[in-house]
Chemist: 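Dropping the structure in here first, questions after.
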Amino acid sequence: MEFSEDQARARAAIVALLAGAGIDLGSGRHAAAPERPAAALAVLGKAGSGKTALLADIAGALAEAGLEPVGGDYEPRRARGRRSVAVLAPTNKAASVLRGRGVPATTIHRILYIPVYDPEFEKIAKWLTDEAAPKPEVEGLDDATLARIRAFFEQHRSVPGALAMAGLSGSDFIKGWTRRDEPLDVALVDEASMLDAKQFEDLSEIFATLILFGDPAQLAPVGSSGAMVFDAMPEAAKPYLHRIHRQTADNPILDLAHALRDGIGFEEFEREVERIAARDDRIVVAPRADPDLMARAPMLVWRNATRLRLIQAFRASHGAPEDSLLPGEPLICDGIELPLKHRKKRIDLEARGLIKGAQAIYVGPGGKPGFARLHVVGAEAPTVSAAAIIKIESPDREEPAILSAARMGAAFVHGAATTIHKAQGSQWPAVQVFAPDLFAASQAGRMEAGVPLWRRLAYVAVTRAEQKLIWVSRYRMARPARALGIADLG
């Protein structure tokens, strides 16, 4: 690919870092990993500056150099000393965005543990990942099904995804999880602005070489006092990408993101939204929230009270009952509620994609009381049946209504609206941003790391949209054009 001047400088810094680790990207050769302290580098830049293109290039070059990809998937036993590379993201959705661009990626949670396969299905995993392995014979799977599994794997390089395509769920072929007991080599970490100090520490313990890709204009992790993990790194280890590339130059969403310059006020920015919307249908100023869009892409807000009001209005627009969920209602995982003695169950739920902040679609009740069938958005094997605690909060009640009441398991809140903080790391084709909340943030006058909070909020919210941004200007809800359902989940 053709690199801009700043991309070329950043790539040269990465090449030098890898050379110190015994990996020569120029010749495509590598030596045994040297004994040296862990090393890190952060490639920084705003939206559209080419971070993902550079990440994809480096991932491809490392694969061509013979480093074994590690993806939190099925892992065959590696030869001792074999060099490896992992591409990581903080969320399922962020990892799925990379996979959609041809970069094999998994979540940080998935890299900490290795799945233990049922022996029958491990035969399929070995056949898919080892060219020398014979074609397996597994009861209930005929040659045509095995051919479909192979075709899926060749395209997506995911063993769980290939088995899910054949109608199997993770509980059918994964019998447990074991903590990774050997260190890994090189990690490329996307959306690094979302990493908290503990995650960075964990990654530094596992990987000898960390290459981060992040956007310093985004919001820092909650509880980090506005700091990002790369802030403390030396300036020489933080190459910055400034240029906006040709393929993104004619992009009204990025125009808005970069209009959030120093000194701009909310009213001026909103006028800029209106000016661009008048000439480009990829930006829309809407007087009402669209409940059809909220079913699959949450409305982005700042205040929790706004989130609750919009969820209540969304459910009312669809005629959802107070005491049960309709198939197709969106949810967001709020964490795992399990005592410490159930550590293995926690690992299982997190490895199947049910990490804090994960999006899911309610499919229906599970086979046991307190269980729910879910579609985990962005997961490689998205169909999950799990013990679920589903809470529907309301602005009119102090305590939430509990619509699925497992004693312990994965906890969920409604996902028709979410805070901009929790939306980091995710993107959707079309995104609605609730403008009155950003106005309230501007009036509050709060700052984060020396920047007005409303500008950081607006920047993150705008850049969550891949193709279309809807600027919702009023507290109103439109009528849904279609009923909720799950037919679109495939």
Side-chain angles (χ1 to χ4, degrees), residues 71-74 91-97 99-100 105-107 109-110 113 115-118 120-122 124-125 128 138 140-141 145-146 148-153 155-177 295-297 325-334 336 345-390 403-404 406 409-412 414-415 426 484-490:
D73 200 332
Y74 170 74
T91 66
N92 299 310
K93 197 69 168 62
S96 72
V97 168
R99 292 195 298 270
T106 191
T107 63
H109 280 79
R110 283 295 301 270
Y113 299 95
V116 178
Y117 276 64
D118 179 278
E120 284 295 291
F121 293 105
E122 188 169 17
I124 299 176
L128 293 173
V138 178
L141 299 181
T145 302
L146 288 173
R148 291 198 303 274
I149 289 173
R150 164 70 77 178
F152 184 97
F153 180 80
Q155 182 177 358
H156 299 283
R157 311 305 296 178
S158 167
V159 172
L163 293 173
M165 188 280 309
L168 300 163
S169 65
S171 58
D172 293 324
F173 54 85
I174 294 176
K175 295 306 178 186
W177 301 84
R296 294 295 177 266
L325 287 169
L326 298 175
E329 288 200 63
L331 302 171
I332 294 175
C333 184
D334 200 35
I336 308 297
K345 186 61 180 174
R346 173 184 293 274
I347 293 168
D348 178 60
L349 290 171
E350 290 180 343
R352 290 159 72 189
L354 294 175
I355 57 179
K356 190 174 179 68
Q359 292 175 263
I361 306 298
Y362 179 76
V363 175
K368 301 177 184 177
F371 274 61
R373 289 182 293 124
L374 304 164
H375 176 96
V376 182
V377 177
E380 293 176 90
T383 304
V384 171
S385 179
I389 305 159
I390 301 175
L403 304 194
S404 178
F412 295 90
H414 206 277
S426 294
L484 282 169
I486 56 174
D488 61 311
L489 301 181

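If you're wondering where the values come from, they're calculated on a predicted model, not measured in any experiment.
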Chemist: Which atoms form the tightest heavy-atom contact between I486 and P327, and what is the distance?
Modeler: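 Smallest heavy-atom distance, with atoms named: CG2-C, 4.0 Å.
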
Chemist: Search all heavy atoms of A295 against all heavy atoms of P330 and return the closest pair with its distance.
Modeler: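 That would be O-CB, 3.5 Å.
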
Chemist: Which side chain to side chain donor-acceptor pair (under 3.5 Å) pairs, counting each pair once, include a residue from residues 368-377, with sequence neighbours left out?
Modeler: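 Counting only pairs at least two positions apart or across chains, no side chain to side chain donor-acceptor pair (under 3.5 Å) contact touches residues 368-377.
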
Chemist: With rounding to the nearest 0.5 Å, note down the distance linking CG in L128 to CZ in F152.
Modeler: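 Nearest 0.5 Å value for the CG-CZ distance: 11.0 Å.
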
Chemist: If you measure from CD1 on I336 to CG on L354, what distance do you get to the nearest 0.5 Å?
Modeler: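 Result: 5.5 Å between the selected atoms.
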
Chemist: Give me the atom names and distance for the closest heavy-atom approach of A406 to G370.
Modeler: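 Result for this residue pair: CB-O, 3.5 Å.
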
Chemist: For the backbone of L326 and the side chain of E329, can you confirm whether one donor and one acceptor N or O come within less than 3.5 Å of each other?
Modeler: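 Such a contact is found between E329 side chain and L326 backbone.
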
Chemist: For residues A386 and L349, report the shortest heavy-atom separation together with the two atoms involved.
Modeler: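 Scanning both residues completely, I find the closest heavy atoms to be CB-CD2, 3.9 Å.
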
Chemist: Could you tell me which residues satisfy ring-ring contact (aromatic ring centres under 6.0 Å, His included) with Y117, sequence neighbours excluded, listed by chain and number?
Modeler: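 With neighbours one apart ignored, the set is Y74, F173.
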
Chemist: What is the distance from atom CG of L331 to atom CD of Q359, rounded to the nearest 0.5 Å?
Modeler: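 If I round to the nearest 0.5 Å, the distance is 10.5 Å.
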
Chemist: With sequence neighbours left out, write down each residue that passes side-chain contact (heavy atoms from CB on, under 4.5 Å) with V138, or none if nothing qualifies.
Modeler: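 Partners of V138 by the side-chain contact (heavy atoms from CB on, under 4.5 Å) criterion, ordered by chain and then number, come out as E120, F121, I124, P136, L141.
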
Chemist: Taking N92 for the side chain and G353 for the main chain, is one N or O donor matched with an acceptor at less than 3.5 Å?
Modeler: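 It does hold such a pair.
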
Chemist: Taking K356 for its side chain and D334 for its backbone only, find out whether a donor-acceptor pair lies under 3.5 Å.
Modeler: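 Yes, the answer is positive, given that a donor and an acceptor are paired below the 3.5 Å cut-off.
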
Chemist: Once rounded to the nearest 0.5 Å, what's the spacing between atom OG1 of T107 and atom NE2 of H109?
Modeler: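 Rounded to the nearest 0.5 Å, the OG1-NE2 separation comes out at 7.0 Å.
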
Chemist: For R150, which residues count as a salt bridge (Lys or Arg N to Asp or Glu O under 4.0 Å) partner, sequence neighbours excluded?
Modeler: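 Salt bridge (Lys or Arg N to Asp or Glu O under 4.0 Å) check on R150 returns E154.
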
Chemist: Taking all atoms of both residues into account, what is the closest heavy-atom pair of F412 and A360, and its distance?
Modeler: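 What the structure gives for the nearest pair is CE2-CB, 4.2 Å.
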
Chemist: Just jot down the side-chain contact (heavy atoms from CB on, under 4.5 Å) partners of A372, sequence neighbours excluded, or say none.
Modeler: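 A372: side-chain contact (heavy atoms from CB on, under 4.5 Å) contacts with Y362, L374, A388, I390.
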
Chemist: I'd like to check the salt bridge (Lys or Arg N to Asp or Glu O under 4.0 Å) partners of R296; sequence neighbours left out, ordered by chain and number.
Modeler: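 Per chain and number, R296 pairs via salt bridge (Lys or Arg N to Asp or Glu O under 4.0 Å) with D488.
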
Chemist: Can you name the nearest heavy-atom pair linking A95 to A105, along with the distance?
Modeler: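 Shortest heavy-atom contact: O-CB, 3.9 Å.
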
